[in-house]
Structure formats: C-alpha cells, structure tokens
Amino acid sequence: NAGVTQTPKFQVLKTGQSMTLQCAQDMNHNSMYWYRQDPGMGLRLIYYSASEGTTDKGEVPNGYNVSRLNKREFSLRLESAAPSQTSVYFCASSERAQGGDEQYFGPGTRLTVT
Amino acid sequence: DQQVKQNSPSLSVQEGRISILNCDYTNSMFDYFLWYKKYPAEGPTFLISISSIKDKNEDGRFTVFLNKSAKHLSLHIVPSQPGDSAVYFCAASAGILHAGGTSYGKLTFGQGTILTVHP
C-alpha cells in the first residue's frame with residue numbers, strides 16, 4: 001500500500017516548455033487534489049476532482065490543466081511553463097470531499113522553471 | 001486576501017512543555033478546520049480536525065480549540081517532544097453545494113508555523 005505517489009520528484013524546465021506531473025493513489029479514494037506550496041504562502045489549491053469524471057478550479061488554476069484519467073490517477077499539465085510556476089507541487093486524495101475528511105498527501109514534486 | 005492566517009512564522013519550546021500554535025480566519029462560511037504537520041521533503045500529514053459545531057477536540061497529546069466569535073483556533077501539544085519539530089499548517093473548508101450534494105474539497109491553508117522543540 002503505497003498511498004499517494006507522485007512522479008517525477010524533481011524537474012527543471014526552461015520557460016515555454018511543457019510537462020505533466022503524474023499522481024496516483026491506491027486507497028480507492030473518490031476525491032483528488034493538486035496544490036502548490038510557495039514560501040510564506042502555505043499550500044494553495046490549483047484544481048481538484050471531487051469524483052471520477054469531474055474537475056473544478058481551485059484558488060490558482062491559471063496556467064494549468066488537469067485530467068482525472070480514472071479513479072486512481074490525476075495528472076497536472078503545464079502547457080507553457082513560466083518562472084512563476086517554480087514551486088513544490090503536492091497531490092492529495094481523500095475518501096470523499098466531506099467536511100473534516102483527512103486528505104492524504106504525496107511526497108511532492110519540486111519544479112524549477114528557468 | 002489571506003483568509004486563513006498564522007501570524008507566528010516560528011515557535012520554539014522546551015521538551016515537556018506546552019506548544020500553542022495559533023490560527024485566525026476571516027471567512028465566516030468556514031465550517032471545518034484541520035491541522036496538518038509537515039516534515040522537510042515530505043507531504044503534509046493530517047493531525048486533527050474540528051467542526052464548527054464544537055469548541056474543542058482532543059486526540060492524545062493534541063487538542064484543538066475553536067473560538068467562532070473571535071474566528072480563532074489554536075492547537076495545543078502537551079507535552080511537546082523533539083519529534084514534534086515540524087511545520088504546522090491550519091486549514092479551513094466551507095461546504096459547496098453541487099447538484100450531487102455538498103462537498104468540502106476546497107481547503108484554504110495558512111502560511112504555516114515552524115515548531116522547534118528543544119531537548
């Protein structure tokens with residue numbers, strides 16, 4: 001039982017390049033989330049998927065797209081990377097999007113855009 | 001507009017003493033509050049949560065207090081241990097009504113407080 005896994009762990013991109021961050025969970029959770037963490041800003045929600053087949057914007061969705069490929073996998077795509085997207089990205093999942101439901105986080109992807 | 005604020009960037013405590021981490025919020029629609037702990041190079045892990053219908057929730061050494069009128073919550077750790085040294089985030093959520101019901105997926109996090117517990 002690996003929980004939430006993310007690939008890659010580290011990535012360096014040049015401005016304008018594209019990439020997809022992968023996330024998978026093996027807990028049969030319905031809801032999945034993508035966050036970014038920046039110094040002094042805490043974690044900010046980019047997109048989330050309350051259930052398979054649905055996605056919704058979070059607090060900072062601009063410059064990102066997501067795909068809920070199936071119940072296990074939720075990917076985050078940067079179409080044209082910008083230095084402002086340098087951050088640590090966390091994927092999370094929860095059984096449902098219920099009040100107080102614990103979200104389980106992956107180990108993060110550290111992305112640098114030069 | 002920071003809806004959830006942790007005004008203390010860091011806190012230093014002696015082992016065995018009480019650690020008190022504070023969090024303030026501005027959105028009166030928040031009805032669930034959670035605390036997460038984060039070690040370096042790892043993802044956050046859930047600690048404890050509280051519903052807005054309660055004013056206290058306890059789990060072992062961890063107790064969360066909620067003061068709705070002041071829009072303030074705090075996490076008490078008693079006794080503090082060196083292994084508690086980490087970044088602590090408070091988070092809040094409000095129910096969003098969809099066609100299929102109400103969801104609470106959107107967590108709003110504070111900036112975090114670095115807790116250091118000295119042996």
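All chains are named by letter (A, B, ...) in the order of the sequence lines, taking the proteins before the strands, and each is independently numbered beginning at 1. In this text the structure is predicted, and so the values were computed from the model without any measurement.
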A.B. asks: How about A/Phe90 and B/Lys38: do any of their side-chain heavy atoms sit closer than 4.5 Å?
C.D. replies: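 With C-beta onward as the side chain, the pair touches.
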A.B. asks: Hey, would you say the B/Tyr36 and A/Phe105 ring centroids sit under 6.0 Å apart?
C.D. replies: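 Yes.
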A.B. asks: Output the residues of residues 5-13 of chain A for which the shortest heavy-atom distance to chain B is under 4.5 Å, in residue-number order; output 'none' if no such residue exists.
C.D. replies: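 Residues in range: none.
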A.B. asks: In terms of heavy-atom pairs under 4.5 Å, which option from A/Gly106, A/Gly108, A/Gly42 contacts chain B the most?
C.D. replies: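 Top count of heavy-atom pairs under 4.5 Å with chain B: A/Gly42.
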A.B. asks: At a 4.5 Å cut-off on heavy atoms, which part of B/Ala91 comes close to chain A: side chain, backbone, both, or neither?
C.D. replies: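 When you check distances to chain A, no heavy atom of B/Ala91 falls under 4.5 Å.
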A.B. asks: When the ring centroid of B/Phe109 is compared with that of A/Tyr35, is the distance short of 6.0 Å?
C.D. replies: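 For B/Phe109 and A/Tyr35, the ring centres are under 6.0 Å apart.
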A.B. asks: To the nearest 0.5 Å, what is the distance between CD1 (B/Ile48) and CD (A/Glu102)?
C.D. replies: 12.0 Å
A.B. asks: Nearest 0.5 angstrom please: B/Ser49 OG to A/Gln103 CD, how far?
C.D. replies: 11.5 Å
A.B. asks: When hydrophobic residues are tied together by side-chain contacts of less than 4.5 Å, even through go-betweens, does B/Phe30 share a cluster with B/Phe65?
C.D. replies: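 Different clusters: B/Phe30 never reaches B/Phe65 through Ile, Leu, Val, Met, Phe, Trp or Tyr contacts under 4.5 Å.
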A.B. asks: Are there residues of residues 110-119 of chain B whose heavy atoms fall under 4.5 Å of chain A's heavy atoms? If so, which?
C.D. replies: B/Gly110, B/Gln111
A.B. asks: Same cluster or not: are B/Ile20 and B/Val64 linked, directly or through other Ile, Leu, Val, Met, Phe, Trp or Tyr residues, by side-chain heavy atoms under 4.5 angstrom apart?
C.D. replies: no
A.B. asks: Do A/Val66 and A/Leu78 sit in the same hydrophobic cluster, where Ile, Leu, Val, Met, Phe, Trp and Tyr count as joined when their side-chain heavy atoms come under 4.5 Å apart?
C.D. replies: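 Same cluster.
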A.B. asks: Mind checking whether A/Val113 and A/Met19 sit in one hydrophobic cluster, side chains of I, L, V, M, F, W, Y counted as touching below 4.5 Å?
C.D. replies: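 The answer is yes; both residues are in one hydrophobic cluster.
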A.B. asks: Is there a path of hydrophobic side-chain contacts, each under 4.5 Å between heavy atoms, that joins B/Ile77 and B/Leu11?
C.D. replies: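 Shared cluster, yes.
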A.B. asks: Evaluate whether atom NZ of B/Lys68 has more than 12 neighbouring non-hydrogen atoms of other residues, nucleotides or ligands under 6.0 angstrom away.
C.D. replies: no
A.B. asks: Keeping to residues at least two apart or across chains, list the salt bridge (Lys or Arg N to Asp or Glu O under 4.0 Å) pairs with something in residues 27-42 of chain A.
C.D. replies: A/Arg36-A/Asp38, A/Asp38-A/Arg44
A.B. asks: Tell me every residue that passes salt bridge (Lys or Arg N to Asp or Glu O under 4.0 Å) with B/Arg61, counting only those two or more places apart in sequence or in another chain.
C.D. replies: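 Result, salt bridge (Lys or Arg N to Asp or Glu O under 4.0 Å) vs B/Arg61: B/Asp84.
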A.B. asks: If you define the side chain from C-beta out and look only at heavy atoms, does anything of B/Phe89 sit under 4.5 Å from A/Leu43?
C.D. replies: yes
A.B. asks: Looking at A/Leu45 and B/Leu107, what are the two nearest heavy atoms and their distance?
C.D. replies: CB-O, 4.4 Å
A.B. asks: Who wins among A/Arg110, A/Met41, A/Glu59, A/Gln37 for the most heavy-atom pairs under 4.5 Å with chain B?
C.D. replies: A/Gln37
